[in-house]
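On a predicted model such as this, the values are computed, not experimentally measured, just so you know. In the text below, chain A, chain B and the rest are named by the order of the sequence lines, each starting its count at 1.
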Number of protein chains: 2
Amino acid sequence: MIHNAKPGLSVNPFPPPRAQTQGTSMDSKQNTLYVASLAKGLRLLRAFDEGNTELSLGELAQRSGLDKSATQRLANTLHMEGMLDKDPDTRRFRPSHAWLQLAYAYYWSDPLVGQAIPKLIDLAQELGETVNLAEMSGDHIVYVSRLPCKRTYFAATIIGRRLPALSTSAGRAILSTYPEQERNAAIDNWPIKVFTPGTTTDRAEIRRSVEEAVHDGFAISTGQMILNEIGVASPIIGHDGRAHAAVQCSVSAHTWSREKIEQHILPALQDTANAISPSFQPYRSGGLGASDPA
Amino acid sequence: MIHNAKPGLSVNPFPPPRAQTQGTSMDSKQNTLYVASLAKGLRLLRAFDEGNTELSLGELAQRSGLDKSATQRLANTLHMEGMLDKDPDTRRFRPSHAWLQLAYAYYWSDPLVGQAIPKLIDLAQELGETVNLAEMSGDHIVYVSRLPCKRTYFAATIIGRRLPALSTSAGRAILSTYPEQERNAAIDNWPIKVFTPGTTTDRAEIRRSVEEAVHDGFAISTGQMILNEIGVASPIIGHDGRAHAAVQCSVSAHTWSREKIEQHILPALQDTANAISPSFQPYRSGGLGASDPA
DNA sequence: GTTTTAAGTATCATAATATGATACGGCGTC
DNA sequence: GACGCCGTATCATATTATGATACTTAAAAC
């Protein structure tokens, strides 16, 4: 019996939103192989986001939940190590270019991206529409690669965005490749967040959408993240029949309809997703024709 | 000054300036506002790069220069905090999606990107060629945004790449906006790394190229990073007359010549760079500048 | 199939390290 | 002109990280 869907890699979901019970810290996770200072430093990094692009020491302390002294020391360390820039006038901190270099390293480490990108480029050029690569990450999806062809809102043009899987075409497409039981568990339990009046909050409706994807092999969603935006996604299926990623395309509802999409976008989209699929292999050491266990 | 990276064994490529004197470590920068554990954790993150995409505990220890126990604890912490994924079979670590989320946060914080991206999209569509946004970072440039329109080699399609400014058209374009004295100091002292047989190592030649950019308002370079690649870049000039960034375009030398570029690419490229310029507000970052204080 | 070697994991006593309260100085505000 | 806020610097304390060692598992060698 499977409690929560916990696919392949051991992906530790995301931040431990610890309530700051200020106790004497015989805290829960304090084994001797947990370095609190490092974790606190990471908290500082995570304090920056969409709405907090530039933080003073005080704000940093507030947002991270650390006291002034700790924040001072950690922020200073991050600055010395080149992870934070500091405006000498305002004394405020900002993410540094190093953050992009981490992304660079990430890209090399992701086995899927290298295979996908050339094909995504071709696809984007062929369609003339924005094409994305999304990967499942716990119960969210992350946009790993984006090839914008039209102007859109900013968040849709930059990589790293993390969205609830259930609210996105990519997430639903990927989910549609999961075994029925897991699929249902996900649909019942995974988080949903409202972004627009059009965001679907009814899980029954999401189920319909996913089951449709099971049947059709692709998912379509409308106005989930932003009004008048339609997303189409086709799963990139791995050797085990499960997808961890999807090729996604976002278009404007003003110029596109469902039919038109199915006719003009879908074929190429699916071809691309399929073309990427075979290369997604796990490494089994060598030659033996070991099929799956169990 | 560091010219060439050691080609032999892969040792720390980006070691923070720190002597390995393992002694009693009343070390240089150890004030009470420097948290060593955090810095060590960052070392672990930096151990991943282009050639090291997936590291075992041992490799991690070796590349970071930390002992086994420290590595164990820190890596474990990073794993618990969701910064590193761990393959349960091979027990090897990999960058997690969180690295992309940091990039996401970076993008919101960079005042230039938001202004530039829509215009870059338009430009890329108009030209049908790969367009990049590069920013100066110490004596290197970093590709902050990329809009590939043609298949190229992988490294040219992903963001966060850091290259010696002198070896790139973007770097030279930006440099061309610096006051003469600084310009010359940079040309004399900034690092150069050889990537192809075509990489210019002669600083006199680089000076010519930069001075040409001073005169023309744009820079062109050929075969610096990869053979048969031509780069054109136009600086994005701030209110103080200095550029911190450039719009760059990479094309194949097989289908493009210098004249053709000047005729068909340059006008739109410069228009775009100029259109972005006014919105750029300067700030200074801390850190790396090994250059002289004037 | 058995032994050897290596790599990852867990434990623990020690002191070195991070801690956070406190005090100082500069800057914009009231 | 005085106050209050925010960033910076200092310091004694004990909490925290340390790294040597021992255990466990997996792969390599025989």
Output the single nucleotide from C:dT9, D:dG19, D:dT18 whose closest atom is nearest the side chain of A:Val35. D:dT18

Compare the minimum distances between each of C:dA18, C:dA10, D:dT8 and the side chain of B:Ser69, then state the nucleotide with the smallest one.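 Output: C:dA10.
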
Establish, with yes or no, whether the OP1 or OP2 oxygen of [N] is under 4.0 angstrom from a side-chain nitrogen or oxygen of [X].
X	N	answer
B:Lys40	C:dA18	no
A:Lys68	C:dT22	no
B:Ser56	C:dG8	yes

side-chain contact (heavy atoms from CB on, under 4.5 Å) against [X], all qualifying residues, sequence neighbours excluded:
X	value
B:Glu59	B:Leu55, B:Ser56, B:Arg92
B:Asp67	B:Ser69, B:Ala70
B:Thr77	A:Tyr34, A:Val35, A:Leu38, A:Ala39, B:Glu81
B:Pro118	A:Arg151

Between B:Trp99, B:Phe48, B:Phe154, which is the residue that forms a ring pair (Phe, Tyr, Trp, His ring centres under 6.0 Å) with A:Trp108? B:Phe154

Whole-Å gap separating [atom2] ([N]) and [atom1] ([X]):
X	N	atom1	atom2	answer
B:Arg91	D:dA26	CZ	C1'	10 Å
B:Lys86	C:dG8	NZ	P	9 Å
B:Glu59	C:dG8	CD	P	8 Å
A:Tyr34	D:dT15	OH	C1'	16 Å
B:Phe93	C:dT9	CZ	C1'	11 Å
B:Gln72	D:dG19	CD	C1'	11 Å
A:Asp87	D:dC6	CG	P	17 Å
B:Leu33	C:dT17	CG	C1'	14 Å

What I want to check is whether an N or O donor and acceptor connect the side chain of B:Ser37 with the base of C:dA18 at under 3.5 Å. no

Distance-only donor-acceptor test (3.5 Å): side chain A:Arg73, base C:dG20: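 Indeed there is one.
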
Checking A:Asp188 now: which residues fulfil side chain to side chain donor-acceptor pair (under 3.5 Å) with it, not counting sequence neighbours?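 Partners of A:Asp188 by the side chain to side chain donor-acceptor pair (under 3.5 Å) criterion, ordered by chain and then number, come out as A:Arg207.
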
On DNA chain D, check which nucleotide each of A:Asn76 and B:Ala70 is closest to and give me the residue with the more 5' one. A:Asn76

Tell me which of A:Arg92 and A:Leu38 sits closer to the 5' end of DNA chain D, going by the nucleotide each one is nearest to.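 It is A:Arg92, whose closest nucleotide lies nearer the 5' terminus.
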
Would you work out how much the helix from C:dG1-D:dC30 to C:dC30-D:dG1 bends between its ends, with each end axis defined by five base pairs, to 10 degrees? 50°

When rounded to the nearest 0.5 angstrom, what is the spacing between CG in B:Leu133 and CD1 in B:Ile117? 8.0 Å

